[in-house]
2 protein chains.
Amino acid sequence: MPRPREFDEDRVVLAVRDAFWDRGYAATSMDDLLRVSGLGKGSLYGAFGDKHRLFLRVLREYDDANLRGLRERLEAAPRGVDMVREFVLGVAGDPTGAAARRGCLLANSTAELATSTPDVAAEARRSYDAITALLTEALERGQREGDVDPDADAAETARAVLAAQLGVVALGRTGMDLAELTAVARSALARLLPAPSR
Amino acid sequence: MPRPREFDEDRVVLAVRDAFWDRGYAATSMDDLLRVSGLGKGSLYGAFGDKHRLFLRVLREYDDANLRGLRERLEAAPRGVDMVREFVLGVAGDPTGAAARRGCLLANSTAELATSTPDVAAEARRSYDAITALLTEALERGQREGDVDPDADAAETARAVLAAQLGVVALGRTGMDLAELTAVARSALARLLPAPSR
DNA sequence: GGTGTTCTGGACGGAACGGTCAACAACTAG
DNA sequence: CTAGTTGTTGACCGTTCCGTCCAGAACACC
């Protein structure tokens with residue numbers, strides 16, 4: 001019997017996500033969020049709660065989408081190692097450099113908020129653990145497929161790959177030249193994923 | 001003939017730095033800065049300008065101190081490769097984990113502000129370029145000293161090491177278990193700095 | 001068509017924001 | 001001791017902040 005929503009919840013979450021992504025949490029005002037979402041104050045508060053709750057929801061959905069994408073890429077990849085390489089090289093994938101400059105919402109949020117907001121730190125741990133598990137799986141497949149040194153510890157390598165990727169993300173945020181950023185990614189990958197000594 | 005300052009400028013910069021470091025730029029209010037510095041409004045504005053200018057000064061001095069420390073460690077290190085290892089492992093060096101959770105002021109600031117504040121992005125590039133140069137120097141010394149594969153490109157390796165360190169810093173900020181963080185650092189180092197094949 | 005429930009938009013409040021300014025204090029140079 | 005210069009303090013300003021609340025609108029159900 002209630003009056004139905006006039007807006008699409010997912011669309012609002014994406015619009016709000018972009019605002020937080022571009023400005024950071026603290027620098028994004030509720031007025032900004034109302035503007036980009038097109039909602040009135042009552043609607044936004046009614047549907048999502050206050051700024052903090054809204055942000056956490058946005059962050060969780062962002063992470064979930066990310067993990068889903070990685071999982072799909074792993075399944076679709078001809079070889080396990082391809083997914084690992086894409087994961088690192090993809091940071092510099094957008095030829096305009098805009099994506100690299102924008103960085104990763106989770107990484108940005110962790111850097112800004114992890115100290116003051118335990119929820120964000122916990123979300124980051126959850127997400128990075130899941131990514132590590134996926135990378136481990138990909139590397140183990142790579143070992144079976146003969147692309148990765150079978151003597152290497154896949155889980156350890158996965159952690160190193162994640163660190164390298166996070167580093168490339170951080171460097172991309174400085175506006176570093178895209179060719180150089182790609183070179184960093186390649187250089188790290190070449191050293192982290194030595195071909196099996198056959 | 002002027003009236004002399006009643007405060008020590010460097011002490012104020014350090015106190016303000018800690019405030020920015022703990023809360024981030026946007027979440028730190030001028031009142032916070034007045035409290036931690038002990039100054040009145042007129043004094044702080046008179047000596048350092050507005051919040052933005054004060055922050056940039058703090059960030060530059062932080063970076064300079066960092067670079068100075070790295071240079072000294074390189075000069076003091078028995079072997080070039082020691083400085084490289086310290087650079088990465090040092091992130092998890094504080095046994096309480098507080099330093100790891102705090103992260104790096106420059107990295108945090110870049111993640112929060114690089115998009116909206118070109119000055120911060122430029123400062124980050126400047127700093128990371130200088131660190132890369134130092135790491136390259138250390139690695140070249142390591143090659144001469146027989147600790148680093150002489151066939152590796154030192155500059156490329158330096159970039160990969162920097163990325164790995166930034167990644168470890170990012171992971172440390174999530175509150176990841178300290179032993180695990182150390183393992184990540186070791187794992188990355190072991191793969192980035194293969195012993196020379198003698 | 002009436003009724004009950006939810007949604008909507010904006011007015012509103014109190015607090016906190018960054019920044020200015022003027023009156024006063026503290027010193028130096030002569 | 002006087003004059004001149006700078007430092008200090010805190011009141012003050014206009015703006016923006018987040019969040020609440022309410023009057024009215026839009027639907028579903030009976």
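Every value quoted in this text rests on a predicted model; they were computed, and no experiment measured them. Proteins get letters first, then strands, A, B, ... in listed order; numbering begins at 1 in each. Because only heavy atoms are used, hydrogens play no part in the values below, and waters and symmetry mates are left out as well, while side chains stay in.
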Anything under 3.5 Å between a donor and an acceptor, one on a side chain of residues 27-38 of chain A, the other on a protein residue two or more places apart or in another chain? List them.
| residue | atom | partner | partner atom | Å |
| --- | --- | --- | --- | --- |
| A:T28 | OG1 | A:G24 | O | 2.5 |
| A:S29 | OG | A:D31 | N | 3.4 |
| A:S29 | OG | A:D32 | N | 3.1 |
| A:S29 | OG | A:D32 | OD2 | 3.2 |
| A:D32 | OD1 | A:R35 | NH2 | 3.1 |
| A:D32 | OD2 | A:S29 | N | 3.0 |
| A:S37 | OG | A:L33 | O | 2.7 |
| A:S37 | OG | A:L34 | O | 3.3 |
| A:S37 | OG | A:L39 | N | 3.2 |

Problem - Any residue meeting salt bridge (charged side-chain N to carboxylate O under 4.0 Å, His left out) with A:D64, in chain and number order, not counting sequence neighbours - result: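 Result, salt bridge (charged side-chain N to carboxylate O under 4.0 Å, His left out) vs A:D64: A:R126.
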
Handout entry: Residues in salt bridge (charged side-chain N to carboxylate O under 4.0 Å, His left out) contact with A:R11, at least two apart in sequence or another chain
Key =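 For A:R11, no residue satisfies salt bridge (charged side-chain N to carboxylate O under 4.0 Å, His left out) once neighbours in sequence are set aside.
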
Figure out the [atom1]/[atom2] separation between [X] and [N], and round it to whole Å.
X	N	atom1	atom2	result
A:R35	D:dC17	CZ	P	10 Å
B:L34	D:dT8	CG	P	13 Å
A:L39	C:dG9	CG	P	7 Å
A:R53	D:dC18	CZ	C1'	16 Å

Problem - Sugar-phosphate only, base, or nothing, as touched by B:G42 at under 4.0 Å among non-hydrogen atoms - result: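 Base: the residue B:G42, judged by heavy atoms under 4.0 Å, touches a nucleobase.
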
Listing request: all salt bridge (charged side-chain N to carboxylate O under 4.0 Å, His left out) pairs with a residue in [range], at least two apart in sequence or in separate chains.
range	value
residues 88-112 of chain A	A:D18-A:R102, A:D22-A:R102
residues 168-183 of chain B	A:R159-B:E180
residues 76-85 of chain B	B:R79-B:D147
residues 38-48 of chain B	none

Problem - Base versus backbone protein contacts along nucleotides 12-19 of chain C [heavy-atom cut-off under 4.0 Å; B, S, -] - result: -----SBB

Exercise for the section: Quick one: which residue pairs count as a ring-ring contact (aromatic ring centres under 6.0 Å, His included) with a foot in residues 23-43 of chain A, not counting sequence neighbours? Expected result: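 Sorted result for residues 23-43 of chain A: A:F20-A:Y25, A:Y25-A:F55.
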
Handout entry: Estimated bend of the helix from C:dG1-D:dC30 to C:dG30-D:dC1 (axis per five terminal pairs, rounded to 10 degrees)
Key =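 If I round to tens, the end axes sit 10° apart.
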
For nucleotides 23-25 of chain C, list the nitrogen or oxygen atoms of the protein found under 3.5 Å from its nitrogen or oxygen atoms, one pair per line.
| residue | atom | partner | partner atom | Å |
| --- | --- | --- | --- | --- |
| C:dA25 | N3 | B:R3 | NH1 | 2.9 |

Exercise for the section: List for me each residue that meets side-chain hydrogen bond (donor to acceptor under 3.5 Å, both in side chains) alongside B:R71, sequence neighbours excluded, and say none if there are none. Expected result: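 Per chain and number, B:R71 pairs via side-chain hydrogen bond (donor to acceptor under 3.5 Å, both in side chains) with no residue.
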
Exercise for the section: Please check if any side-chain donor atom of A:R191 sits under 3.5 Å from a side-chain acceptor atom of A:S187, or the reverse. Expected result: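 There is such a pair (donor and acceptor under 3.5 Å, judged by atom type) between the side chains of A:R191 and A:S187.
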
Problem - Nearest atoms (heavy-atom pairs only) where B:P78 meets B:E145 - result: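 Residues B:P78 and B:E145, closest heavy atoms: O-OE2, 4.0 Å.
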
